[in-house]
Amino acid sequence: MLRTLPDWLAFIERQHPNAIAMGLERVRDVAARMGLGKPAPHVVTVAGTNGKGSTVAFVEAIARAQGLRVGAYTSPHLLRYNERVRIDGHDVGDEALIEGFEAVEAARSGTPLTYFEYGTLCALWLFARAGLDLVVLEVGLGGRLDAVNIVDADAAILTTVGLDHQDWLGGDLEAIGFEKAGIARPFKPLVLGDDDPPASVLRHAYAIGAPAWRIANDFFAEPVDAGHWRWREVGYEIVLPLPMQAQGAPVQLRNAACAIAALRALDLPLEDAALARGVADAAVPGRLQRFVRGGVEIIVDVGHNPQAAVALADWLRAQPKRRTLAVYAALADKDAAGVVTALSDTVDGWLLAGTLDAGPRGSDAGALAQRLVGTAAAGGSRHADVTGALAAALAQAAPDGRVLAFGSFHAASEALRSLNAAD
């Protein structure tokens with residue numbers, strides 16, 4: 001008898017021989033047996049290489065500021081599984097998740113489901129019972145064959161298309177773009193956060209009759225001054241506070257702009273005051289999350305691919321100049337050299353951390369160093385884990401220096417646990 005959430009999480013990890021198994025047939029079958037349909041009158045689905053979690057946070061915060069009841073599903077989590085499922089602004093409790101997992105187990109009749117598929121069905125079951133106005137769903141991997149895509153979205157957002165997960169999605173941007181564009185639905189808006197998305201994205205939208213709303217073409221995000229920016233489209237514009245001002249990453253303008261575009265595409269009330277309050281209030285952990293220890297600024301970020309590293313480097317260049325040490329912990333299937341290259345002119349020293357407790361995708365610091373031969377980080381010191389590397393970085397940092405801990409959700413999670421434990 002499974003009595004606790006940790007028991008259930010251990011159980012669902014064992015219900016499919018593979019961590020990833022693309023395809024919708026199994027999930028659709030179980031969803032049908034569970035009686036799952038559309039989880040709310042309005043649904044927004046968010047896919048993309050980077051920026052998904054932040055964009056979900058903006059949609060959720062703006063809609064809640066408008067007074068709507070909102071459900072949000074994101075992954076992976078940083079500290080607790082409960083973070084993945086939010087209802088009306090709160091992480092769901094253990095008991096609710098257990099009830100959802102029991103419903104999935106009762107319906108699946110031996111159908112093998114991955115950890116993510118199991119969790120997606122649980123979230124949809126909980127949302128369907130919560131009396132929500134809007135549900136925001138973050139795609140796990142790709143889009144077309146991701147479990148989230150069993151739900152027909154009223155508006156879809158594709159934040160960015162970059163090189164990541166090539167083993168699953170294809171070896172170039174055109175192939176990856178096609179997979180991610182699979183969340184679009186006929187005659188429903190597809191909001192695009194790339195100025196110049198792959199042709200495959202636009203071709204797919206045209207083929208199914210989904211109107212593509214492109215940033216810098218159909219709607220615009222423009223800085224105004226040190227504390228404000230402007231969102232505009234033909235016939236409407238509004239000046240808003242900068243999003244996630246504590247973090248200040250320029251890319252968050254795009255994420256917030258895409259969220260606004262998607263919400264304006266829905267048949268929902270949306271007042272200017274809700275836009276301003278939602279943009280200001282939206283927050284997501286592990287994205288340029290800032291701490292200070294002994295005068296040293298510590299930045300924790302989940303960035304794990306070259307596209308994310310470019311955005312991180314842009315942010316660092318815009319900050320006051322400080323000697324910056326990077327604690328870098330990458331999973332074995334990531335383009336570590338591409339990440340380091342993107343950041344090489346913004347980092348003064350590297351500390352490499354192992355991720356052996358991340359499961360099959362983990363590696364030790366020595367293996368990471370081998371993948372980085374020829375880069376600025378190849379000679380960095382090696383540490384068993386992020387906690388040890390972070391402690392070493394803080395010992396080396398100047399009193400007014402900066403430490404960047406990043407490279408994966410696993411790295412950010414371990415850094416946050418270490419920093420929170422020290423409080």
Donor-acceptor pair, distance only, cut-off 3.5 Å: does the side chain of Thr341 make one with the backbone of Ala337? yes

Mind checking the CG-CG spacing from Asn305 to Leu331? Nearest 0.5 Å is all I need. 11.5 Å

side-chain contact (heavy atoms from CB on, under 4.5 Å), that's the test. Do Val104 and Ile12 meet it? Break it down for me. CA-CA 10 Å; Val104 177; Ile12 68 176; over 6 Å; no

So CD of Gln370 and CG of Leu352: to nearest 0.5 Å the spacing works out to 11.0 Å

Against the six-membered ring of Phe127, is Arg86 placed for a cation-pi contact (under 6.0 Å from the centre, within 45° of the normal)? no

Please determine whether a side-chain nitrogen of the Lys or Arg among Arg26 and Asp29 lies less than 4.0 Å from a carboxylate oxygen of the Asp or Glu. no

To the nearest 0.5 Å, how far apart are CZ in Arg69 and CG in Leu134? 12.0 Å

Could you tell me whether Arg185 and Asp154 have a side-chain N and a carboxylate O separated by less than 4.0 Å? no

So does Asp88 pair up with Arg64, basic N to acidic O under 4.0 Å? yes

Any ion pair linking Arg232 and Asp218 (charged N to carboxylate O, less than 4.0 Å)? no

With distance as the sole test, does Lys334 use its side chain to make a donor-acceptor pair with the main-chain N or O of Ala330 at under 3.5 Å? no

About how many Å separate CG of Leu137 and OG1 of Thr45, when rounded to the nearest 0.5 Å? 5.0 Å

Just checking Glu233: does its CD atom have more than 12 heavy atoms from other residues, nucleotides or ligands closer to it than 6.0 angstrom? yes

Would you say Asp195 has more than 12 foreign heavy atoms packed within less than 6.0 Å of its CG? yes

Nearest atoms (heavy-atom pairs only) where Ile98 meets Thr4: CD1-C, 3.8 Å

Would you call Arg84 and Glu138 a salt bridge, taking side-chain N to carboxylate O under 4.0 Å as the test? no

How about OH on Tyr206, more than 12 heavy atoms from neighbouring residues, nucleotides or ligands closer than 6.0 Å, or not? no

Asp146 side chain to Leu141 backbone, donor-acceptor under 3.5 Å: yes

